[in-house]
Each structure stands twice: as structure tokens, then as C-alpha cells.
Amino acid sequence: MRDHHRLGRSAAIVALSIATICASPYAFAATNEQPPADVDWPLHGLTAHEDRHSPLDQIDRENVERLGLAWSFATGSRRGQEATPLVVDGVLYATSTWSRVFALDAKTGRELWRYDPKVPRDVGRKACCDVVNRGVAHREGRIYVGSLDGRLIALDAKTGSELWRVQTVPKGGDYTITGAPRVVGELIVIGNGGGEFGVRGYITAYDAESGEERWRFYTVPAAPGQPYEHPELEMAAKTWSKQSDWASGLGGTAWDSMAHDPELDLLYVGVGNSSPYNREVRSPGGGDNLFLTSILALRPETGRLVWHYQTTPAENWDYTATQHMILAELEIEGRKRKVLMQAPKNGFFYVLDRATGELISAEKIAPINWASHVDLETGRPVETGVGDWNDEVRYVMPGVPGAHNWHPMSFHPETGLVYVPTLSNVWPFHADEDYAYVPGVMNTGEDWPGFHDALRWIIPFCNPAHLTAWDPVEQKLAWKVEHDHPVNGGILSTAGGLVFQGNGAGFFAAYDAATGERLWRIETGTGVMAPPVTYQIDGVQYIAVLAGIGGSPAINFANYTNDNAGRIYAFRLDGKDRMPASGPAPGGVVSAKPRPLDAEEVDRGRALYASHCSRCHGQWARSTGWLPDLRYSSQAVHENWESIVIGGTYSGKGMASFADRLNAEDARAIQSFVIERALAVDSIAERVQAWAVDNLCLPTTWVAD
Ligand code: CA
């Protein structure tokens, strides 16, 4: 690693200009001029290359300890906050839960307007991973947001009034949108999610002015006999079995990452996992199953495919390639290469030639056991066989949360390092022998009651998470910081020699970009998952970040110690505002009245709860905090149980009716299970169990080795 401390400012500017000269809004970086007084964060990843590295350097290693709160803003939500705010002309645009948009004075935090797309709350049932949103796009006085129920909406940036909306997914289908739209020339491009539920993935480009559809690219073919919507699907269809589980849609949703190279005229799109996960069921007889878990390079004008690279052929473990992609220029073996870098869920860090899609290198960035390495000749991972879970339960690393999830990385051109929020985790994959596609529920092919039981009786694995500084040229670790909490934030790096990251333990921190030494931190109380941004107004540099834990993988790991109140924080040197205090974690009293419980009914309720309720309310009725812990349900809830579960009387609060899946007898069985759990809450066995889950864990390396 180069010695960052000895890099003078001119050398830094030269190094910076190499990486940012293309398509950068920071033309000054290449010209030796002083940055202007006001510097925006105009695009989701700061630049079209999505490097999330700012040339601002007012806050640096020497003075970062003077950082203090400039202002904070309450989002009015206690669920996951994942947005990257944009800052344009002094206004900060952020999103929160249920796709709500906030426009704030970026200097003071004063609210200018808010927009609520009024997402029907029963759509929350279709969101695999909370009702989150990752942010807006901005272009020529307009703000664009994708709503959870699948609309793309254009707003007036000044007033927040709606200009137009288009429905981008079939109404009533199982699609959702959580990702940020991207501006690509005159187009607004938006994908969607829902792969776990069984949908057919695609990405769509709309005219930024009118909202008219310009093209749509499907990531998987339609069932045999259906026409190919575009020629690439003919090639893709050859990689699927004729007996594939066509009803499930096959997955391949592009729910988050994109990057754009205006010079090469290519739009890169990351494609998600399969539906169902289990490949033997999905495509009996094999096949790579294009374009699942692939990186696509599309021609923005037409939506035609130029190249593709599949990270995980015959995907089997939810190994999405929707993770953040960074475009950069690297010198590799004496040659300047225009590269695309991605650390998808599967545990490898990939460097591709982004003009051709050629694989340059791939190395493990976290402990994994499903593959030994990536063969550079074939470009394919070499599977170990450990991950074949069709016939028996297998403990696979990484698990469904991935070695890196949606949390963005950054690339610092001076240190040459990519900063990646990495995870280590093990997942017990149980095949559901009776799996058949059912609309409106998780269609992963996993046996949820089996999974639920495994989490009960096996002390969970430790899930150490790191801030990992990775050298993409040497493909090796430069340094890493271990976190106390498994769920942590996205990354920002700056020319001040700093890396910023929040964490699930309720801190926001700055690290030395060269060494990883922690130079500053502040207690946010609420955990942080979202990536920070930085901007400058009237010559003052600010760092802003959203706080609030939720979604996946928090559902399985997080354990709140506070009220998880969602906030936007902005920091500056010598900021004097007081950090707002966080409230106590939701707890409660057991109000369930004992009733004679039938052991068989409780057991049936256990399995039904695992399949239908645990994803949001927590395994074994023990909520991690982002949704009510049913053990502490009020007497009124218990009295109205059936009308809530079947009748949908709480659908306005986000608890949709399950009438399509459950009958009154099922609802009663689930209630019996919940009552059994509630009455056991203070028992010694339950306390020991809860203590063990919270305090003990097995090293993940036992599985990796
Ligand atoms: Ca997934």
C-alpha cells in the first residue's frame, strides 16, 4: 500500500483526476483550481461512475475530531433507513420508509417540502426486506422516486408537486421498488425487486421529460412458447431447462445497482438472485440460467446488450449481483485498464474490463465455503459441492445476507483502495420437499419451519462484520476494522484522507483511509446502515447520513437497545447542535390471557408462524425490534386476532390480510403458539435461551474450514 501521508496535494490532485476525469461533475479536480464554495452530491453514487469518493478536503485527518452536529431531522419512522441523500443547489433530498421524500435546507435541516406517494400499506407484505427506499434521482429541476408499489414518480424539485407517474410493474403483482432511479442522459432507468416472491425481473428506461417508456430489458426468458421480447432472450433461453419452474417468474430482479460510462456509452446493471433458490427445482437438469446474478452492459439508447458476466452460474444461494458497482481506472500489470469493480453476495471481489466484460481478477473478500476459487481461464467459480442443499441440510458461507449486501462501497483514488462493508455469515439451507410456487408468499424453495427450528436449538453463528479496505490491483486485504454489530453502514471516502461509516451499534465514525485507525466517532444511539454523503455550502463542508436499522439482514441479527427513531444527521467542523436522545427499546408486558393450549395446535401454529410471520415479527415470536413483538400484544390485539390476520383490519398499519393463505383455524393455531411463547417469556428455560442467543455464538470459521 502506498504511504498516503507523503502524498502532497498536487500529487493527490493528479491521482484524483485520473480516476474522475471522465464524466465527473468535479472538473476542477483536473485543473488545479480551488473547489467552488458550493459543491453538490448530484447523483446516487456521487458521479456516474458511482465511486462515492468526494474531492472535498476541508474535513481531514488532523481536524476531524472537531466534527459536531450541524443539524438533525426526524423522519418519523422506526424502520430501516437506507437512502443516499442527494444535495443540489443547497437542498438535500432524502427518502425514508414507504417511499416518502423529504426536501430540506442542506445548511440548516429546515423542511422545505415533503412528498408521500401514499403506498397502500398492505404492499409491505410483499417487501422481502422491509419498506425501505434507497433514494431519489435528480435531473433539470425534477426529482424522481420509485415507490414501493412499483410507480416511478416525477416531482418538481422546488415544490415537491407531482408532475407525472408511471406504473412500472403489473398492478397486484408481487413486485416492489426499493432502489434509487438513475439518470442516464435523457432517460430515467428503474428496476424492481421481488425475486424471493417469484417474479420475472426486468429493467425499464423512461423518457425523463414525459415518462414515456423507451425500452425494457428482461433478465430471464418467458416460458417456452411465449415470444422473446428482445433477441438476447433467445440466447438466455438456451441456458434453462424446458421444465424450469416458469410459474415462479424465475427471479433476476435488478433491485439496486447501476453505473454509467458516458464515454464507452454503456449502462451497467446488476442482476439479482433466482426464484426459487434451489436450482434442482428451478431448472431441473441444469443450465447456467442467464441472466441471473449477472452484470449486464447495455447500450443506453436502445437497451440492447453489449456484454454480460455471470458471477454465479446456476445460482443456488440468493447470491445476487445487485451489489454496488464502481467504475475506475486502474493500472494493472503496467496497463491502464478501465474497470468495473463489484463484491457481489457470493464472497468474491471482481475486477472486470468494463469495455469488454473480460474478467481480470477475482479473489475471496470474506470466508466462503461454496467455491474454492474463480477460474480465470473460464471466468467461472469452481464449486466445492458443500453448497448442494437439495438432498440434505447444508451450512453455507456466505448465507443469504451475503459477504457484502446492498450497502455501498467507495473507491479512494489516492490510496487505491476500495472500502467494502463486509459480512461473515452461515446459513442453514433446508429444502422444502413439497415446494410449489404460490403467489404472494416467499418462493425460495426453503423449508421455513426447518430454518426457524435450526435457529432455536442451535446457538447462532457469530456474524463478524468488517470495514474492509481492499486493494483491487493486488486483490488483497490492506486493513480491516471489526465491528461490534453484524449490520453496519455504507461507505463514503474523501480527499481529506478519511473513510466514514456508521454502524449497527449506534455510532457514526471516521477512519484514516490509509491505515483504518479510528479518528473520530459520535454516538447516534440509533444504528446506521445508510451510506453517508458530503457536500459544501458557503465554503463549509458537511457530512450527512441517515440512521435507523431494519430490513434484511437485520431481521435475523439485530437486537435493538433503543427506539430506533429514524433521523438524518448533518455534521460540520465545530458543529454545536446537541445530538437528540434516543428513547428506550420497545419492550412490554405480557397481556395474553392463558387459555388451554393444545400441544398439537401449538406445534401447527409454530410451523405456520415460521412460514408466514417470522420474516417480519422475528424467529420464535421474538422480534428484533423493527415490528411489534407479538408476545407483548395487547389484550385488544388478542381479542381481534382473527379479524387482524384474516380480515385485514390492521392493513393500514402495514399488517396485510393473510386470507389468501390462512383460515380461521390457522390464525388460531398461530395465536396459540404466540400465547405459548408469551407465557414462557419469564421462564428460566426461555431466559437461558434468550441469553444464549444474545451472548453466545459459534465461530463462523468452523464452517468455512
Ligand atoms: Ca434476494
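Since this is a predicted model, take the numbers as computed values, not measurements. Both counts, for ligands and for their atoms, begin at 1 and track the order of listing. We're numbering straight along the sequence, starting at 1.
The CG atom of L298 lies 11.0 Å from the NE2 atom of H260; values are rounded to the nearest 0.5 Å.
Residues that satisfy the salt bridge (Lys or Arg N to Asp or Glu O under 4.0 Å) test with R79, not counting sequence neighbours, are D130. Among residues two or more places apart in sequence or in another chain, the ring pair (Phe, Tyr, Trp, His ring centres under 6.0 Å) test is passed with F217 by H230, F291.
Between the side chains of S241 and S283, no donor N or O sits under 3.5 Å from an acceptor N or O.
Counting just the N/O/S atoms of D318, the one with the shortest distance to the Ca ion (ligand 1) is named OD1.
If you put the vertex on the Ca ion (ligand 1), OD1 of N273 and OE2 of E196 sit 90° apart, to the nearest 10°.
Between the Ca ion (ligand 1) and T253 there is no N/O/S contact shorter than 3.0 Å.
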